[in-house]
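Below is one structure; the comments refer to it alone.
Heavy-atom basis, side chains included; hydrogens, waters and symmetry copies ignored.
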Amino acid sequence: MTDTVQVEIERKYDIDGQASLPRLNGVGGVAQVRYRPPMALEAVYFDTADRVLSANNVTLRRRTGGTDAGWHVKIGKGDRRIEMQSPLGSEELTVPRRILDLVRVHVRGQALTQIARLTTLRSVVDLMDGQGHPLAEVSDDQVAAMSVGFRAESRVQHWREWEVEVIDAGRVTSSSGGTEAFLDSVGQVLETAGARVSAAGSKVEKVVGKTADPLDPRAPLAGQPDTAEHSGGRAPGVGAVLTATVRAQVRTLKGWDPLVRRNVEDSVHQYRVSCRTLRSILQTYAPLLDAEATGAVVKDLRKLGQLLSVARDAEVVRDQVAERLEALPGGATGPVAGMVPGKAVRRLRQSQAKAYDVAHARQLKRMRGEWYFEVLDRLDAFAREVPLSAELTAAEESAAAEAMVPLAAEQVDAVLALAAAVGSEQEHEARIEQMHQVRKEAKRLRYAVKAVQEATGLDLGTELVARMKTAKRLQEALGDHRDSVMFQEHVLATSRTAAAKGEDTFGYGVLFAAELATQSRTETEAEALVERLAGRAS
């Protein structure tokens, strides 16, 4: 077994007595079933003394027996969880460093201890399509479990559960119209046979319970209505809305941390987006917040973003090589692409791949140090109850939409002011940099509005939402422009290296020139979007 990362899509059901699994042939595209011999599984679960992993919907276990024996870290809740696996290694029950690394964003300096032991007798039924390809598997588990470290709770518990796990989401979607529809179809048959959807998210939760998350965005502040359910009563205040929004983003940021450590595709980008979204929220609504506390967090987030920027930029340019060849007339195998030697393509890609690896390693070194954990501590403290400005009146605090919409509208004005400066700038390099600034301000607007809507459902008005959508399109157009400029710079720098080695550089010129059309198109598109944004703002 090697280190793996996968998305686990499953549902759990409680079942009493000796009921047999019902026949599932013909359900959700299932054409064949196969019964495997029973297997014995043993698992030890770990957490901190205050159950910080449980609070963050993270499960850490060491399991022996079965086909996936090893260390497992599961993140998430509901039907979908990200599961990271690693080989067992030694027989010791001490959490190895490579596994501890995946949960350090939550654990930080705390010790991990055993919290539960489970023994499971598992019988598996494979659900397959007409060609014998696996769609899903249903496990019938007989479980014996006991908590560890809690003397009064050390009795052995017994229960039985059925678990449906999707194995091939693509085939399930083709046969059933989606994983949710498939799980619904199978679940309906299981429930008819006497099963009940489990209220627990995991087996270990049945043994030691679930710990509340102090940063749950849905938990209302004292004296404030729940932001997710305010439509029928009093509207939420600024404190409740901003706290829920910040909490949601902090949890998202921490969720990407282990994937960055495992170098999962796009994880660096998504982690960076979380940092920027948090900064956008705090900067856009800054007049409503305590300046000193907010300024310190913004400073931390800026440093985190800078830490990620080198790796992300290298990742973007690395992946553009194949995309740019495919975009040439005739595609990657056409006559134009044929003018770019294979050696040039390899040099363009390999240099950025190396730059990414170096930057990612440097990034991980910082993420394993005390500075990073201190930043996380400060983010958690800030998110527990976002500090408001002492100058905010009670009337302003009690009406979040009225206080926040004008500040977002000011962000529209900032985008327009920068866009006007671009139009009057004649110097090429300065114009490119100003377009980059327009993009960042448009992104800030989009993040600041979208994050509030997604976390709280707060109605910020149709006009602001329309502006946000235009800002998104503007950001995307200028993002394409920025990527094109970065790729052009990489092509030029690499061609100079090749020329110094006596290589033919004509192919680099082909790729360089091809970017001019992209830049012209995106500039024209951006100008039209700025006019639209200005029209809405007037």
Side-chain angles (χ1 to χ4, degrees), residues 2-3 5 259-273 305-367 427-433 435-436 439-440 476-523:
T2 58
D3 289 354
V5 180
L259 302 184
V260 170
R261 293 169 188 266
R262 275 286 174 90
N263 205 11
V264 173
E265 184 70 24
D266 203 41
S267 57
V268 171
H269 174 219
Q270 295 300 331
Y271 187 104
R272 193 182 184 199
V273 167
Q306 291 168 347
L307 177 65
L308 300 161
S309 62
V310 177
R312 174 55 185 164
D313 289 348
E315 181 181 45
V316 169
V317 177
R318 178 199 67 193
D319 295 341
Q320 281 182 322
V321 178
E323 296 171 5
R324 274 11 191 195
L325 285 170
E326 188 60 44
L328 292 173
T333 59
V336 179
M339 298 179 187
V340 185
K343 188 172 185 178
V345 174
R346 289 192 296 274
R347 188 184 292 280
L348 284 166
R349 184 169 177 82
Q350 289 172 358
S351 63
Q352 286 304 294
K354 182 178 181 180
Y356 173 84
D357 290 342
V358 170
H360 186 257
R362 186 181 301 120
Q363 172 184 326
L364 291 186
K365 184 176 181 180
R366 293 298 304 276
M367 290 176 70
E427 202 277 317
H428 178 71
E429 294 297 329
R431 180 180 172 85
I432 294 296
E433 180 56 32
M435 290 177 69
H436 181 45
R439 175 190 174 224
K440 290 199 294 186
E476 290 171 345
L478 291 176
D480 290 343
H481 186 279
R482 180 71 177 178
D483 289 348
S484 177
V485 170
M486 287 172 57
F487 183 71
Q488 217 175 32
E489 291 172 348
H490 176 51
V491 168
L492 184 60
T494 308
S495 71
R496 289 170 177 162
T497 300
K501 295 179 178 294
E503 298 173 13
D504 181 11
T505 60
F506 180 79
Y508 294 100
V510 171
L511 291 172
F512 186 95
E515 294 305 310
L516 298 176
T518 298
Q519 291 166 26
S520 176
R521 172 183 58 79
T522 52
E523 286 188 34

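Distance alone, capped at 3.5 Å, places no donor-acceptor pair between the H490 side chain and the A314 backbone. Between the side chain of T494 and the main chain of V491, no donor-acceptor pair closer than 3.5 Å is present. Looking at Q488, its side chain does come within 3.5 Å of a backbone N or O of F512 through a donor-acceptor pair. Between the side chain of R318 and the backbone N or O of R349 there is no donor-acceptor pair closer than 3.5 Å.
The distance from atom CG of D319 to atom NE2 of H269, rounded to the nearest 0.5 Å, is 11.5 Å. Here CD of Q270 is found 8.0 Å from CZ of R312. Values are rounded to the nearest 0.5 Å. Taken to the nearest 0.5 Å, the OG1 atom of T522 stands 6.0 Å off from the CE atom of M435.
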Please walk me through it: do R482 and V316 pass side chain to side chain contact (heavy atoms under 4.5 Å, CB included)?
CA-CA 11 Å; R482 180 71 177 178; V316 169; over 6 Å; no
Before you tell me yes or no, could you show the steps for H360 and V260 under side chain to side chain contact (heavy atoms under 4.5 Å, CB included), namely the whole-Å CA-CA distance, both residues' side-chain angles and the distance that decides it to 0.1 Å?
CA-CA 9 Å; H360 186 257; V260 170; 4.1 Å; yes
Evaluate the side chain to side chain contact (heavy atoms under 4.5 Å, CB included) criterion for residues E515 and L511: first the C-alpha distance (whole Å), next the side-chain angles of each, then the deciding distance (0.1 Å), finally the verdict.
CA-CA 7 Å; E515 294 305 310; L511 291 172; over 6 Å; no
Going through the distances and angles, do L328 and M339 end up as a side chain to side chain contact (heavy atoms under 4.5 Å, CB included)?
CA-CA 11 Å; L328 292 173; M339 298 179 187; over 6 Å; no
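Side chains of R324 and V340 form no contact here, defined as non-hydrogen atoms less than 4.5 Å apart. Side chains of Y271 and L259 form no contact here, defined as non-hydrogen atoms less than 4.5 Å apart.
Between E503 and the choices R347, R346, R496, the salt bridge (charged side-chain N to carboxylate O under 4.0 Å, His left out) rule is met once, by R347. Each of Q519, H436, E523 was evaluated against H481; a single residue qualifies, E523, per the side chain to side chain donor-acceptor pair (under 3.5 Å) test.
Looking at R272 and E315, no side-chain N of the basic residue comes within less than 4.0 Å of a carboxylate O on the acidic one, giving no salt bridge.
Minimum interatomic distance between V310 and A359 (heavy atoms only, all atoms of both residues): CG1-CB, 3.6 Å. Taking every heavy atom of both residues into account, S309 and Q306 meet most closely at OG-O, 2.9 Å. Between G331 and A337, the closest heavy-atom pair is O-CB, 3.4 Å. The heavy-atom pair separating A311 from V268 by the smallest distance is CB-CG1, 4.4 Å.
Defined by atom type and a distance below 3.5 Å, a donor-acceptor pair is missing between the side-chain atoms of Q352 and Q320. In the model, N263 has a side-chain atom that pairs as donor or acceptor with a side-chain atom of Y356 under 3.5 Å.
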